[in-house]
Amino acid sequence: MSEIIDIAIIGAGVVGLAIASEVSRKHRDVYLLEKNDTFGQEQSSRSSEVIHAGIYYSPDSLKTRFCIEGNRLLYEMGDKHGIPCIRCGKIFIAGDDEEAEILDGLYYNGINNGLPLKMLSQEELHKKEPYVKGMTAFFSPTSGIVDSHALMRYFVLKARENEARLVYRAEVTGIEKIHDGYRLQVEYPDGEDFLDTKVVINCGGIYSDRIAELGGIDIDSAGYRLFLTKGEFYSVGGGKNRMINTLVYPTPQNLGPGIHVCLDVEKRLRLGPLFNYVDQVDHSVDESNRSIFEASTIMKSLPFITPEDIAPESAGIMGVLYGHGQGVNDFIIRHEDARGLSGFINLIGIDSPGLTASPAIGRYVAEMVDEILG
Ligand SMILES: Cc1cc2nc3c(=O)[nH]c(=O)nc-3n(C[C@H](O)[C@H](O)[C@H](O)COP(=O)(O)OP(=O)(O)OC[C@H]3O[C@@H](n4cnc5c(N)ncnc54)[C@H](O)[C@@H]3O)c2cc1C
């Protein structure tokens, strides 16, 4: 191709799709390049599908900002465009005094973030979820569930309506700075080609650090190196997978929220994810972790589920910036003009709550692009 296009987005997960649907409202010549056969084959189709409220993160973080805005937008989009979203709420549980203290801290962090949380008495807990046990609990009414596939299909539809081009089996393997933009080297099944673009938006998920590196950024000094964490889910059988109506979370653990109740939009119950750092991408479930599920605090809160009821189900892998006690627990969304890379936008470390935040991130990045292209 000899002409230069306006915008190339790398990666058709929920974040790249949300951005494509937003930037293509105003700009023509938007290409979304995806290495897989279709959209949403990686993190975005392997999540817990929870619409988070924005309780966990510090008030000044991008995670809090985009989670709260994304939460509102998702319910609005659900109502307006028929994307299945359920505002079922979430109960946070503490089982003993030590957990109750941690839960208190979480509650006040959420209140500080402006959320309408409510402490529950034993009676209120029992009324909401008769089969759930806990010493203290609070309720988050704005938490819920979204059908992530329906959400992605909606973004695809919007992007196509706006004439964005979604190109599958197109892996970006090189990025070279040229006079008025970037030359992308792209591997297609039938060979290699080049695409010149004024703006590059890196939404490569767990590979986004490598894509930044292709653009010439030293990812270690920039603090962009990602660590992989695998989250494993267990299904709940034995006729017990419809006994809960609300998301139920334990007191937060070292690596994330801890194994919790996941419900899909049909209210089918499963447990997870159990997160562990991994070195490679392998979505199999390690059966030796079964004992950790059996001994988990969430199982203590759900005494009606016995070890025989649970079975390994699926796993998803996130790329996080906070590996092994280092790094930061926030999103990086940055126009790299200060590095001399005008028109290069990186999105790195878009781990949870990235699904919830996606519509808000789409709008934010579209504003960045407007500033660049005018
Ligand atoms: C187990 C688990 C549970 C989670 N639970 C929740 C939850 O309940 N709620 C929530 O809000 N969030 C949750 N998340 C986080 C959420 O899933 C992610 O934040 C979100 O899906 C990130 O979307 P993405 O588009 O950035 O990444 P991805 O979905 O991974 O998409 C990135 C895309 O880039 C493509 N790509 C990469 N490199 C290239 C290249 N060189 N060329 C072309 N294409 C490329 C990939 O093929 C992929 O399709 C969870 C994640 C996991 C793993």
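Just so you know, ligand 1 is whichever comes first in the structure, and atom 1 is the first atom listed for that ligand.
- Judged purely by atom type and a 3.5 angstrom limit, E232 uses its side chain to pair as donor or acceptor with the backbone of D286.
- Residue L355 places at least one N or O, backbone or side chain, under 3.5 Å from an N or O of ligand 1.
- Across I211, T38, L32, L274, heavy-atom proximity to atom 38 (N) of ligand 1 is greatest for I211.
- Of all the heavy atoms of D351, the ones lying under 4.0 Å from any atom of ligand 1 belong exclusively to the backbone.
- Counting only N and O atoms by type, the side chains of N162 and H27 include no donor and acceptor under 3.5 Å apart.
- For E34 (side chain) and A12 (main-chain N/O), a donor-acceptor pair under 3.5 Å exists by modelled atom type.
- Shown in contact with N36 at under 4.0 Å from a heavy atom are these atoms of ligand 1, numbered in order with element: 47 (O).
- Contact check on E42 versus K35 returns a salt bridge, with a Lys/Arg side-chain nitrogen under 4.0 Å from an Asp/Glu carboxylate oxygen.
- Counting only heavy atoms of the protein, atom 34 (O) of ligand 1 lies nearest to G11 CA, 3.1 Å.
- Residue contact check: G354 has heavy atoms under 4.0 Å from atoms 11 (O), 12 (N), 19 (O) of ligand 1.
- The 12-atom threshold is not exceeded at CG of D279, counting heavy atoms of other residues, nucleotides or ligands nearer than 6.0 Å.
- Of the protein's heavy atoms, G204 O, 3.4 Å lies nearest to atom 37 (C) of ligand 1.
- Close contacts between ligand 1 and I10 involve ligand atoms 40 (C), 42 (N), 43 (C) [criterion: under 4.0 Å to a heavy atom].
- Between the side chain of K230 and the backbone N or O of D282, at least one donor-acceptor pair lies under 3.5 Å.
- Summarising the geometry, atom OG1 belonging to T356 is positioned 10.5 Å from atom CD belonging to E49; distances are rounded to the nearest 0.5 Å.
- Scanning all protein heavy atoms for the shortest distance to atom 2 (C) of ligand 1 gives R46 O, 3.6 Å.
- Of the polar atoms of V172, at least one N or O is found under 3.5 Å from an N or O of ligand 1, judged by distance alone.
- Residue A137 comes nearest to I91 through the heavy atom pair CB-CG2, 4.0 Å, listed as atom of the first residue, atom of the second, then distance.
- Of all the atoms in ligand 1, the ones that sit under 4.0 Å from a non-hydrogen atom of V15 are 23 (O), 24 (P), 25 (O), 26 (O).
- At a 4.0 Å heavy-atom cut-off, ligand 1 does not touch S208 at all.
- No side-chain N or O of T173 forms a donor-acceptor pair with one of E171 less than 3.5 Å apart.
- Contact atoms of ligand 1 toward I350: 18 (C), 19 (O), 22 (C) (distance under 4.0 Å to a heavy atom of the residue).
- If you check which protein heavy atom lies closest to atom 48 (C) of ligand 1, you get E34 OE1, 3.5 Å.
- Shortest non-hydrogen contact noted between V248 and I298 is O-CD1, 3.5 Å.
- The pair D209-R225 does not count as a salt bridge, with every side-chain nitrogen at least 4.0 angstrom from each carboxylate oxygen.
- Taking each heavy atom of H149 and S45 in turn, the nearest pair found is NE2-CB, 3.6 Å.
- For ligand 1, the atoms closer than 4.0 angstrom to any heavy atom of P353 are 10 (C), 11 (O), 12 (N).
- Of all atoms in ligand 1, numbered sequentially from 1 with element shown, those under 4.0 Å from a heavy atom of L33 are 43 (C), 44 (N).
- In terms of protein heavy-atom proximity, atom 13 (C) of ligand 1 is nearest to S352 OG, 3.5 Å.
- Counting only distance, with no hydrogens or angles, the side chain of N346 and the backbone of R334 share no donor-acceptor pair below 3.5 Å.
- Considering only non-hydrogen protein atoms, atom 36 (N) of ligand 1 sits nearest to K35 CE, 3.9 Å.
- Residue I206 places no N or O, backbone or side chain, under 3.5 Å from any N or O of ligand 1.
- The nearest pair of heavy atoms linking G205 to L226 is O-CD1, 3.6 Å.
- Counting heavy atoms under 4.0 Å from ligand 1, residue F39 does not touch it at all.
- Below 3.5 Å of separation, one finds no N or O of Y207 facing any N or O of ligand 1.
- Of the listed residues (E171, Q41, K230, Q43), the one carrying the non-hydrogen atom nearest atom 17 (O) of ligand 1 is Q43.
- Between F331 and A357 the shortest heavy-atom distance is CE1-CB, 3.9 Å.
- Looking at S44, P273, S45 and measuring to atom 29 (O) of ligand 1, the nearest heavy atom belongs to S44.
- Checked by distance only, ligand 1 and V50 come closer than 3.5 Å through their nitrogen or oxygen atoms.
- Of all atoms in ligand 1, listed by their number and element, those nearer than 4.0 Å to a heavy atom of I317 are 53 (C).
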